[in-house]
S.K.: 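Okay, handing you the structure first.
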Amino acid sequence: MEKRKTVFVEGSISSNFIASSIEKHQTKTTIGAHNFFLGQVRADQIEGKIVQAIDYSAYQEMAEDKFYEIQEATLTKFDLTSLHIYHSIGKVEVGEICLFVLVSAAHRRVTFDALEYLVDTIKKEVPIFGKEIFEDETHTWKVNN
Amino acid sequence: MKLKVLYFGMIAEAVNCKEEEISLQPGSTVEQLSNLLISKYEKLNDLSFNIAVNKEILNQNIPINSNSEIALLPPFAGG
């Protein structure tokens, strides 16, 4: 069985992590286009209270299975050189990055389509849950549209 | 048969538990399990959730095998 990459990152995803992930592709010289998506925690206002952070949890084993299925399906559907998905687990403050999806290919067109498909599918199919924490320590639960 | 049932997110909060063992008649379906849990935890009536059997969300009419791992999953919030 193919070795699976770890998707979950404890806490927020740093700009250094993102930069070094992109830099690692410099040796793959068939690549002509990278495209990436960054999800950032938004300070939503809900019933008069402002979100300060999201505490992410997951049904981790199922989530890892789903991430793997989504990666395989994307590589079958689109002509990509590589793709990477990283998602936070645990607490991420507003303004910090919680999702990083990177797709790479010889030419740009396919990267736009593949990226949209990946992000939409991740949001719909992966069992990740988000507790939105307010300033006063109360919370609500985030639901994807 | 005994099943391991996992609860996540707002569901875990509502039932005040992350994991427990539930006894169920052999051959019971996902729907029957769902009804049993709703009668045990009234709060589940007001919440939206899917049931995963061995990490797959199955049709409500499918019988559950013994030794299955069950999970109650509230709406997803990834990304």
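So that the names make sense, note that chain A is the first sequence line, chain B the second, and so on, each numbered from 1. Just so it is clear, the model here is predicted, and its values are computed rather than measured.
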S.K.: Is any side-chain heavy atom of B:Ser28 closer than 4.5 Å to a side-chain heavy atom of B:Leu33?
M.R.: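 A side-chain contact is absent here, since even the closest heavy-atom pair is not under 4.5 Å.
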S.K.: Heavy-atom distance under 4.5 Å to chain B: side chain of A:Val126, backbone, both or neither?
M.R.: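 When you check distances to chain B, only backbone atoms of A:Val126 fall under 4.5 Å.
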S.K.: Taking all atoms of both residues into account, what is the closest heavy-atom pair of B:Met10 and B:Pro75, and its distance?
M.R.: CE-CD, 4.1 Å
S.K.: Which residue out of A:Pro127, A:Gly130, A:Gly39 racks up the most heavy-atom pairs below 4.5 Å with chain B?
M.R.: A:Pro127
S.K.: Can you check whether A:Ile133 reaches A:Val51 side chain to side chain, under 4.5 Å on heavy atoms?
M.R.: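 The answer is no; the side chains never approach within 4.5 Å.
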S.K.: For chain B against chain A, print all donor and acceptor atom pairs separated by less than 3.5 Å.
M.R.:
{"unit_1": "B:Glu13", "atom_1": "OE1", "unit_2": "A:His139", "atom_2": "NE2", "d": "3.4"}
{"unit_1": "B:Glu13", "atom_1": "OE1", "unit_2": "A:Trp141", "atom_2": "NE1", "d": "3.1"}
{"unit_1": "B:Glu13", "atom_1": "OE2", "unit_2": "A:His139", "atom_2": "NE2", "d": "2.4"}
{"unit_1": "B:Glu69", "atom_1": "OE2", "unit_2": "A:Tyr59", "atom_2": "OH", "d": "2.5"}
{"unit_1": "B:Phe76", "atom_1": "O", "unit_2": "A:Asn144", "atom_2": "N", "d": "3.0"}
{"unit_1": "B:Ala77", "atom_1": "N", "unit_2": "A:Ile128", "atom_2": "O", "d": "2.7"}
{"unit_1": "B:Ala77", "atom_1": "O", "unit_2": "A:Lys142", "atom_2": "NZ", "d": "3.0"}
{"unit_1": "B:Gly78", "atom_1": "O", "unit_2": "A:Asn144", "atom_2": "ND2", "d": "2.9"}
{"unit_1": "B:Gly79", "atom_1": "N", "unit_2": "A:His87", "atom_2": "NE2", "d": "2.8"}
{"unit_1": "B:Gly79", "atom_1": "O", "unit_2": "A:Tyr56", "atom_2": "OH", "d": "3.0"}
{"unit_1": "B:Gly79", "atom_1": "O", "unit_2": "A:Lys142", "atom_2": "NZ", "d": "3.3"}

S.K.: Are B:Ile51 and B:Ser34 packed together at the side-chain level, in the sense that at least one heavy-atom pair is separated by less than 4.5 angstrom?
M.R.: yes
S.K.: Of the backbone (N, CA, C, O) and the side chain (C-beta and beyond), which part of A:Ala63 lies under 4.5 Å from a heavy atom of chain B, both, or neither?
M.R.: neither
S.K.: Is the shortest heavy-atom distance from the side chain of A:Val101 to the side chain of A:Ile122 under 4.5 Å?
M.R.: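 Yes; the side chains approach each other to less than 4.5 Å.
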S.K.: Please report the interatomic distance CZ(A:Phe129) to CD1(A:Ile89), rounded to the nearest 0.5 Å.
M.R.: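 Rounded to the nearest 0.5 Å, the CZ-CD1 separation comes to 9.5 Å.
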S.K.: Side chain from CB out, backbone as N, CA, C, O: work out which of these in A:Leu99 comes under 4.5 Å of a heavy atom of chain B, or both, or neither.
M.R.: side chain
S.K.: Mind running side-chain contact (heavy atoms from CB on, under 4.5 Å) on A:Val7 and A:Phe100 for me, showing each step along the way?
M.R.: CA-CA 10 Å; A:Val7 169; A:Phe100 170 36; over 6 Å; no
S.K.: Would you say CG of B:Asn16 has more than 12 non-hydrogen atoms from neighbouring residues, nucleotides or ligands within 6.0 angstrom?
M.R.: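 For B:Asn16, atom CG is not crowded (no more than 12 foreign heavy atoms under 6.0 Å).
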